[in-house]
Amino acid sequence: MSLDPARLAPMANAIRALSMDAVQAANSGHPGMPMGMADVATVLWSKYLKFDASAPDWADRDRFVLSAGHGSMLIYSLLYLSGYKSPTIEDIANFRQLGSVCAGHPENFLVDGIECTTGPLGQGLAMAVGMAIAERHLNAVYGDELVDHRTWVVAGDGCLMEGVNHEAIGLAGHLRLGRLKVLWDSNNITIDGSTDLSTSEDIPARYRASGWHVVECDGHDFADIDRALAEAAAHDASPVLVACHTVIGKGAPNKQGTSGVHGAALGADEVAAVRTELGWTSEPFVVPDEVLADWRTTGKRGAETHRQWHTRLDGSGKAADFRARMAGELPDDDGLEAYIAGLLAEPKTVATRKASEMALEVLTANIPAMIGGSADLTGSNNTKTKATTPLTGDDYAGRYLYYGIREFGMACAMNGMALHGGVVPYGGTFLIFSDYCRNAVRLSALQQTRAIYVFTHDSIGLGEDGPTHQPVEQLMSLRLIPNLNVFRPCDTIETAECWALALADKDTPSVLALSRQNLPQLRTDAGMLSAKGAYRLRAAKAARKVILIATGSEVEVAVATADALEADGIGADVISMPCMELFESQPQAYKADLLPDVPPEQLLRVSIEAGVTLGWDRYTMTNGLRIGLDRFGASAPAEDLYAKFGITAEAIVPQIKAKIGS
Ligand SMILES: Cc1ncc(C[n+]2csc(CCOP(=O)(O)OP(=O)(O)O)c2C)c(N)n1
Ligand SMILES: [Mg+2]
């Protein structure tokens, strides 16, 4: 399509009008960014972006990521104008109101054409790195015929200023992700005012130093934008930054170029002034027929390419496999059943991080979609298996990413990979450093991605590295995140089960909290008991007086405590609770069977977990006993720490006896 400025200008102005009118109607939102990037976006969508508005789920579409998520009206406008089914003009008119899919920030779960949820600055771009990794990997597996697309990102000054940007572009440059194109809305404005207030960085130099190719353009000159995007599209040897020099709020005669247009409605007077300035005479939410027609033509631009792609897919002999991969389906037999049977026949005492590696050997051999990795703790997280050879700039067919010491960048990339589809990412670091990537874990949950976090060294049980490395509050705090399954398995069998559960849930991310120290195999039967979140590992033999509830490495302590109590004629159940979230979702009858509603004098509930006790009263009730660690740990061998902090049967039994008066 040739670019005629006389047609492009009204197309871009349609974005400006919809954006300012929607924000004005809501009296809330961010008009500056969409108005400033309207020209660049119009050229990108009219000529370069590979998409078919009638098929948002076309696997080989280009991915468009609005990393500057506050400018959500840009993507809502683009999707509506180019003819996606959603959002509708009514949705746009109801911007930011209850029930409108045009939420404050773009949400992937509300609109098909939105590839990822953005708003937390920096993460969109960092997720795009993961999308670009997935694209190159699938290209290596399925070939150019089926996978050959680009990932385009619109990012603002804020996205480039965030620390995660350093991690993301370092990884992308190292992997030479030439299909990744970042359009930087360089308007020199953030909320507080000019970027001069807070930065003097030479951003192009930083990107070049990270292995990127940099192009610049005047973001309001269609011919110059076209030139820059052509160069960006043609450059596949390394990722590309296009510095688009723009004016925030372009078109608002009195407010453009100031932080005043960043995040507030323009006001009735300025909205009217924009109409005059742009010669835009339509009422709010009305786009002139000829302008809409040009946009709709743009929306159909990729239809023929899409049709040809389908023909290639159908003739490739790989159609069924490819479709299943992109739908996130996993092979029927992942090999775990036979593996668990082997463990039951021959129990193993190993750390659960080792048990995870053992399970992963089986899973990665059977599930080609799994792509592993670690933030420079491969040998500690035990995430690398024989099947997962390194994924590098020279070999995208590999399935193991050396993320480097980039926990946040890793988690964002994992989200991007999961959102791209066709791959199932897992990645490791120490549980303590989950805080470094916590907001990406939260976005996994919000976006409903199947990202699997392997967080090892999950308690004071890691020992000598001391309190900087010993998680105390992390485990419970991860449980606070909605739609995140936090698994803390106690032995080899539970670890295998938790892996199976994590993989089975396409819409919920998982954390596997795993021990550094060896743990005995406590389970003597199969049956996928972890699926219920908690279960009675051992029933009381003497008359039941106590219920011990424990997770992970402390289940062993609970069993020893139960032994000691039973020896004194006090019956104690041991409940292993590898996943609170799954237990919460069980029927009331099941929960009541494990935890009967009986006063503590008759049946004392005791929780044992080497972390903060806050939250355990949900299961122990106020009058129960909570064994844990409400302080930082210390540096010493693990056994000494368990003794010092009283997380041993010897320390727990007298407290129980005192409570039940025996
Ligand atoms: C991690 C994070 N911190 C802070 C914010 C709040 N915030 C939203 S937009 C913005 C300024 C962004 O500046 P820029 O990217 O240049 O956008 P522009 O003002 O040019 O539209 C800030 C601080 C956020 N959304 N995410
Ligand atoms: Mg800015």
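Remember, predicted model here, so these are calculated numbers, not experimental data. First listed ligand is number 1; within each ligand, the first listed atom is number 1.
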Identity and distance of the protein heavy atom lying nearest atom 20 (O) of ligand 1 | Asn187 ND2, 2.7 Å
Would you tell me whether Arg7 and Ser46 have side-chain atoms, one donor and one acceptor, within less than 3.5 Å of each other?
-> no
Run the numbers on His105 and His70 for ring-ring contact (aromatic ring centres under 6.0 Å, His included), then give the verdict.
-> CA-CA 6 Å; His105 292 85; His70 58 281; 7.4 Å; no
Check the side chains of Asp185 and Thr246 for a donor-acceptor pair under 3.5 angstrom, ignoring hydrogens and angles.
-> yes
Enumerated ligand 1 atoms positioned under 4.0 Å from heavy atoms of Ile248 | 18 (P), 19 (O), 20 (O), 21 (O)
Nearest neighbour in protein (non-hydrogen) for atom 6 (C) of ligand 1 | Ile191 CD1, 4.5 Å
Non-hydrogen atom of Pro120 closer than 4.0 Å to ligand 1 | yes
Closest to atom 17 (O) of ligand 1 among His70, Met33, Glu162 (heavy-atom distance) | His70
Pick one of side chain, backbone, both or neither for how Leu121 approaches ligand 1, counting any non-hydrogen atom pair under 4.0 Å.
-> both
Relative to the Mg ion (ligand 2), which of the N, O or S atoms in Asp157 is the closest?
-> OD2
Looking at the rings of His469 and His457, which for Trp means the six-membered one, are their centres under 6.0 Å apart?
-> no
Find all atoms of ligand 1 within a distance of less than 4.0 Å from any non-hydrogen atom belonging to Gly158, and give their numbers and elements.
-> 13 (O), 14 (P), 15 (O), 16 (O)
Taking the six-membered ring where the residue is Trp, are the ring centres of His420 and His149 under 6.0 Å apart?
-> yes
Taking N or O atoms only and a 3.5 Å limit, does Asp185 qualify as a polar contact for ligand 1?
-> no
Which residue holds the protein heavy atom closest to atom 19 (O) of ligand 1, what is that atom called, and what is the gap in Å?
-> His262 ND1, 2.6 Å
Check each atom of ligand 1 against the heavy atoms of Gly119 and keep those under 4.0 Å away; list them by number with element.
-> 24 (C), 25 (N), 26 (N)
Can you spot which of Thr88, Ile15, Leu292, Ile75 makes a side chain to side chain contact (heavy atoms under 4.5 Å, CB included) with Tyr80?
-> Leu292
Short check: any N/O/S atom of Thr195 below 2.8 Å from the Mg ion (ligand 2)?
-> no
Regarding Arg479 and the six-membered ring of Phe487, is the cationic atom NZ or CZ under 6.0 Å from the ring centre and inside 45° of its axis?
-> no
Assess Ile189: does it contribute an N, O or S atom lying under 2.8 Å from the Mg ion (ligand 2)?
-> yes
Criterion salt bridge (charged side-chain N to carboxylate O under 4.0 Å, His left out) on Glu115 and Arg61, from CA distance to verdict | CA-CA 11 Å; Glu115 305 288 357; Arg61 68 189 182 280; 2.7 Å; yes
Between Trp184 and Tyr207, does the ring centroid distance fall short of 6.0 Å?
-> no
Which atoms of ligand 1 have any heavy atom of Gly156 under 4.0 Å away?
-> 15 (O)
Tell me, please: is Ala68 in heavy-atom contact with ligand 1, that is, under 4.0 Å?
-> no
Ligand 1 to Thr190, heavy atom cutoff 4.0 Å, flagged ligand atoms 13 (O), 16 (O), 19 (O)
Have Asp226 and Tyr48 got a donor and an acceptor in their side chains that come within less than 3.5 Å?
-> yes
Of the choices Ile189, Thr246, Thr195, which has the non-hydrogen atom that lies closest to atom 16 (O) of ligand 1?
-> Ile189
With a 4.5 Å heavy-atom cut-off, do Leu478 and Arg438 have their side chains touching?
-> yes
